[in-house]
2 protein chains.
Amino acid sequence: MTRPAAPAPDGAPVRILVCDDHAVVRAGLLALLDSAPGIEVVGEAGTGEEALALSAKLAPDVVLMDLQLGEGIDGVETTRRLTAAPGASPHVLVLTTYDTDADVTRAVEAGATGYLLKAERPEELFAAIRSAAQGRPALSAPVAGRVMAGLRGLRVSLTGRERDILAQLARGLGNRDIARALFISEATVKTHLRRIYDKLGVDNRAGAVAVAKEQRLLP
Amino acid sequence: MTRPAAPAPDGAPVRILVCDDHAVVRAGLLALLDSAPGIEVVGEAGTGEEALALSAKLAPDVVLMDLQLGEGIDGVETTRRLTAAPGASPHVLVLTTYDTDADVTRAVEAGATGYLLKAERPEELFAAIRSAAQGRPALSAPVAGRVMAGLRGLRVSLTGRERDILAQLARGLGNRDIARALFISEATVKTHLRRIYDKLGVDNRAGAVAVAKEQRLLP
DNA sequence: GGCCCTGTCATCCGATCGGCTGACCCCCGG
DNA sequence: CCGGGGGTCAGCCGATCGGATGACAGGGCC
């Protein structure tokens with residue numbers, strides 16, 4: 001597609017770790033990135049836990065992260081832990097299917113360097129990876145548009161953590177399981193829930209989920 | 001009625017048309033399939049309309065179809081028209097992210113030869129493509145399991161009263177208020193709730209609301 | 001250097017939920 | 001005529017939720 005003659009701007013290639021729970025998508029990305037000059041895939045992970053372990057071992061420049069991970073911790077939590085890690089943490093480039101406001105803000109607050117849609121052209125992906133490797137933020141055009149166009153879409157201003165809680169809530173988890181999923185105590189979960197109820201104008205979890213789905217605060 | 005011209009398994013490669021609205025995924029699949037022996041990608045489409053036009057022009061053996069297409073007609077409708085087309089119609093292999101019962105049945109009814117999840121291993125994909133080229137059906141293991149387990153058994157068929165309860169539930173009402181709203185006793189509400197949980201595969205009201213909203217079981 | 005917001009954690013307690021078991025009525029279809 | 005599905009109701013009990021209140025650390029803002 002692009003000329004292979006275009007060399008990487010820097011001597012060393014950008015070292016990438018790919019994290020996506022879909023094996024086919026992962027394999028496709030690997031094949032695609034192999035064709036890109038100046039980009040080298042050094043590992044692949046199918047779960048958040050795997051990504052954390054591999055990142056610690058491989059120290060990649062950039063982690064390409066899908067927000068929707070089937071089992072275990074989700075992409076946001078993985079991103080949070082990746083970027084919060086002591087020492088040289090990788091830049092996380094979120095590559096996902098959806099562009100809901102909640103997702104973008106949660107990802108950015110968790111420390112993501114960029115947010116790309118899978119609908120993007122491959123060239124955009126390559127460019128974003130090279131940007132991310134240097135810590136320069138990158139947003140997909142439609143996403144950037146939304147962000148510019150105002151948090152107008154964000155009628156309810158939930159904090160990042162509150163949205164995390166809400167996401168787990170919508171999976172039907174109890175407080176204990178939410179706590180485990182996010183590595184916090186049940187007491188903290190309850191505190192967040194209380195604030196969420198206040199902000200959404202409800203007084204129980206069923207109502208919160210209903211409002212969240214209605215306002216499209218969730219994926 | 002589907003396969004007038006059988007492709008030679010070994011002599012000629014299987015000719016593929018890839019249809020997915022995500023450019024990155026499409027490019028990834030292209031790169032991945034290029035590495036597979038006996039498989040040749042002859043075209044790619046980003047919308048259902050494109051797929052129909054290209055299929056008519058290129059006459060591929062297999063169309064790799066994503067069910068979720070952003071703009072225009074969806075994957076199911078595209079599949080329907082592809083397989084209903086006069087003359088030699090391609091075999092459609094659905095490759096999608098989700099495995100809800102509704103999707104599978106809709107796709108199969110529309111004439112899909114196979115249904116694969118993107119979470120599948122690449123080798124499974126290659127094998128499925130070669131199967132599909134000869135009209136042999138292919139289902140992802142998890143999908144096949146569901147189908148065996150009794151398609152209609154898992155079908156979400158709520159009774160009228162159950163939907164009434166669900167609607168109130170989504171308003172965040174407690175059992176007492178639901179009872180009052182529907183002029184029945186709390187005991188009856190609880191009975192309905194338990195059946196709803198069973199049918200939706202959840203075990204609490206938050207999960208029920210989430211599933212209901214997801215499956216569009218509510219107004 | 002204070003102050004607010006966010007995120008974290010804790011305890012107490014009443015209210016509610018969810019699981020379990022069993023029951024009755026009505027209507028439809030075999 | 002009897003079986004079964006849908007709708008109704010009841011009691012018991014442990015688990016969980018939600019309300020109230022208080023506390024502390026870190027980041028950002030003035």
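No experiment lies behind these values; they were computed from the predicted model shown. Protein chains get the first letters and strands the later ones, always in sequence-line order, with residue 1 at the start of each.
- The pair Asp21(B)-Arg26(B) fails the salt-bridge criterion, with no side-chain N (NZ, NE, NH1 or NH2) lying under 4.0 Å from an Asp/Glu carboxylate O.
- Arg205(B) forms no cation-pi arrangement with Tyr197(B), by the criterion of a distance under 6.0 Å to the ring centre and an angle within 45° of the ring axis.
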Protein proximity profile, nucleotides 7-13 of chain D - base contact B, sugar-phosphate-only contact S, no contact -, cut-off 4.0 Å on heavy atoms: BBBB-B-
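- Taking atom CZ of residue Arg176(A) and atom C1' of nucleotide dG18(C), one finds them 14 Å apart after rounding to whole Å.
- Between the P atom of dC17(C) and the CG atom of Asp203(A) lies a distance of 10 Å, rounded to the nearest Å.
- The CZ-C1' distance, from Arg205(B) to dA15(D), rounds to 14 Å in whole Å.
- As a whole-Å value, the separation of Asp198(B) CG from dG6(D) C1' is 15 Å.
- In this structure, the CD1 atom of Ile196(B) is 16 Å from the C1' atom of dG19(C), given to the nearest Å.
- Between Lys118(A) and Asp20(A) there is a salt bridge, with a side-chain nitrogen of the basic residue lying less than 4.0 Å from a carboxylate oxygen of the acidic one.
- Remark: the Arg180(A) side chain and the Asn175(A) side chain contain no N/O donor-acceptor pair separated by less than 3.5 Å.
- Residues Arg195(A) and Asp198(A) are not paired through a salt bridge, judged by the lack of any N-O separation under 4.0 Å between the basic side chain and the carboxylate.
- The distance from atom OH of Tyr197(A) to atom C1' of dA15(C) is 14 Å, rounded to the nearest whole Å.
- By the 4.0 Å N-to-carboxylate-O rule, Arg171(B) lies too far from Asp177(B) to be salt-bridged with it.
- The side chain of Asn175(B) contributes no N or O atom lying less than 4.0 Å from OP1 or OP2 of dT16(C).
- Taking atom CG of Asn204(B) as the reference point, atom P of dC17(D) lies 8 Å away to the nearest angstrom.
- Whole-Å rounding puts the Leu193(A) CG to dT21(D) C1' distance at 17 Å.
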